[in-house]
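These notes concern the structure reproduced below.
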Amino acid sequence: MGRYVVRRLLQMIPVFIGSTFIIFMMMYALPGDPVRALGGERAPDEAQMNALRADLGLDEPILQQYWNYLTGLFQGDFGTQIASRREVIDVISEALPATIRLTLLAFVITAVVGIAMGLIAGLRAGGKTDAGILFFTLLLISVPVFVIGYLYQTYFGVKWGWISPTVRDSEDLGELFLPALALASLSLAYVARLTRTSIVENRRADYMRTARAKGLTKRRAVGVHLLRNSLIPVVTFLGVDIGNLMAGAVVTEGIFNIHGLGRAVFEALKSREGATVVGIVSFIILVYLVVALLVDLLYAVLDPRIRYA
Amino acid sequence: MPIDMDKTDVTEADTPGVPLLEVRDLHVEFRTREGAAKAVNGVSYTVDAGETLAVLGESGSGKSVTAQTIMGILDTPPGRITGGEILFRGEDMLTMSEERRRTIRGDKIAMIFQDALSALNPVLSVGYQLGEMFRVHRGMSRKDAKAKAVELMDRVRIPAAKERVNDFPHQFSGGMRQRIMIAMALALEPDVIIADEPTTALDVTVQAQVMDLLAELQRDFTMGLILITHDLGVVADVADKIAVMYAGRIVESAPVEELYKRPAHPYTKGLLDSIPRLDHKGKELYAIKGLPPSLMAIPGGCAFNPRCARARDICRTEVPPLADVTEPDGTPIGGRSSACHFWKETIHG
């Protein structure tokens, strides 16, 4: 077990280097020049620009630039923004709390609502409720998140006025509910379907027949015996999905005006702030890797038949 | 009914003349797209405390469906109980409330399944699954229930019970797993245990151990045991009486020695003849010709008639009733009956 964790942590290093390299190269391949952009409308002075480039290390070969970035990263230096001269780490830590709150809220909605819907549909497989839930989830899956986001905003926020259509204070979970719901919609639909399938498969299992023969209450048979077995694949999906939710936050934050990582990465992308983009994306990758490891470890708790070697 | 003078507790609700468990004219069918499959067609049997009834039959003869109906674990739909009664101490379980029925399940009537690996929950420890019986039916705390689980595992002779109580089903061998199943059924000292092919999934040496354990525990607790099997060897050792099922009906029932000595139904005779014997070494094995009928199209008259050497016209038109079997001179043989028009010829030559 300990050895397994160490091996998994070591495996993260090449994955991390590889993914940052790809993003770094993509940023370089994009048209546009952050230094030229500093001048705005004015024709910039070539000598001044070259001096600035040399100062920032932008005149060096791309591989050298990547090397510089990576060594900085391992010393805890995420780089500096070109235009604002701010430390990228500050930009991240300022935007992070809002995104984490949004992601976690969306995650809770996904897990609770998704599993509940899947459970209800699975226990009534073939019935009207089941058909209704399947149709509803299909709808959620087919409509892209930016459409759903605007729909929620228009109806719940503006027309019916149930909830604030934009987020003024990202510390207010009430205000974050709508964007979290929009963000959760797709995952929620997948979780509901996955849970349903799993419940239907396990419902007729021999051990469920045993549970009935033991005279357990229905509540116990379903809540302990059926759910414990049915949730194994769902937990795997949920774990991987935390990363997807963070990535999805980019769009959702835009719609609901949340000052989070998504917005920061979007702004950085527009002004070609390579270090900021790579920094934020690397951070998301790191979260993704760590959560994936935690989920794999949790897997053994849920399913004792799994052994780590 | 064997009377055990020391065991006063089992007679707590015993009313003289009322069997412990009685199945009366039970009918069960399965609805399918192609029509109704008639799995059980008028089965009746009784079990008393301390008695072992073996229900013998091929796959599809309705023996397991009857057992599942008694337990109330038949999947409905597609299953449907179309008639009959199941009386536990004289009370019909088919008409009582689901909640009352649940409290009887596991507590008064328990079941042992064939394949313990799939019948035990793979993600819960055996201690938890055993302890659950005490927590649900006796309201015990988690800790007390676990202590009880260890006791039970000791009782079914699982080595190092204390260390193994937190292990999971897949960590045990097949024989040990079946012992855990038995321990679970035994947990609350039920009045009746239904064992559905308890040894079929085990190797022969382990089969004998598990069967002996089951027989021993049944004696110690004076329980009624319904042993469902297709293994004639298992039956001979432990059963008091046998009910042979074919196409959802009981075709013959008899005390065990009687049945082996002189079967009164051609199907039973065929089954006994198909046991491989050492003195027939080198000769072809006997097999009953043909196949069991489809439950959607059970032949008219006696269901066994297409496969029966004795079949005559009446066998194709009239369903033979389960009639009492007597000696040639008319003296009754205790507890024997046969559903064959020609039982006299079959039993007396």
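Letters go in sequence order (proteins before strands), and every chain restarts at 1.
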Should the pair B/Arg164 and B/Phe172 be classed as cation-pi, given the thresholds of under 6.0 Å to the six-membered ring centre and 45° from the axis?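 Yes; both conditions hold, so B/Arg164 lies above the ring face of B/Phe172.
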Less than 4.5 Å to any heavy atom of chain A: does that hold for the side chain of [X], its backbone, both, or neither?
X        : result
B/Arg101 : neither
B/Val123 : both
B/Ala119 : both
B/Ile70  : neither
B/Asn121 : both

Parallel under 30°, tilted from 30 to 60°, perpendicular over 60°: which one fits the rings of A/Tyr152 and A/Phe156?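 It falls in the tilted class, 30° to 60°.
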For the candidates [options], which exhibits the highest count of non-hydrogen atom pairs separated by less than 4.5 Å from chain A?
options                      : result
B/Glu132, B/Met181, B/Glu99  : B/Glu132
B/Pro122, B/Gly106, B/Ala110 : B/Pro122
B/Glu98, B/Met111, B/Gln129  : B/Gln129
B/Met133, B/Met71, B/Gln68   : B/Met133

Got a sec, which residues hit side chain to side chain contact (heavy atoms under 4.5 Å, CB included) with B/Glu91, two or more places apart in sequence or on another chain?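 Expected list: B/Met96, B/Arg100.
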Can you list every side-chain hydrogen bond (donor to acceptor under 3.5 Å, both in side chains) pair that touches residues 110-119 of chain B, not counting sequence neighbours?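 Every side-chain hydrogen bond (donor to acceptor under 3.5 Å, both in side chains) pair that includes a residue of residues 110-119 of chain B, provided the two are not neighbours, is A/Asp206-B/Ser118, B/Asp115-B/Ser118.
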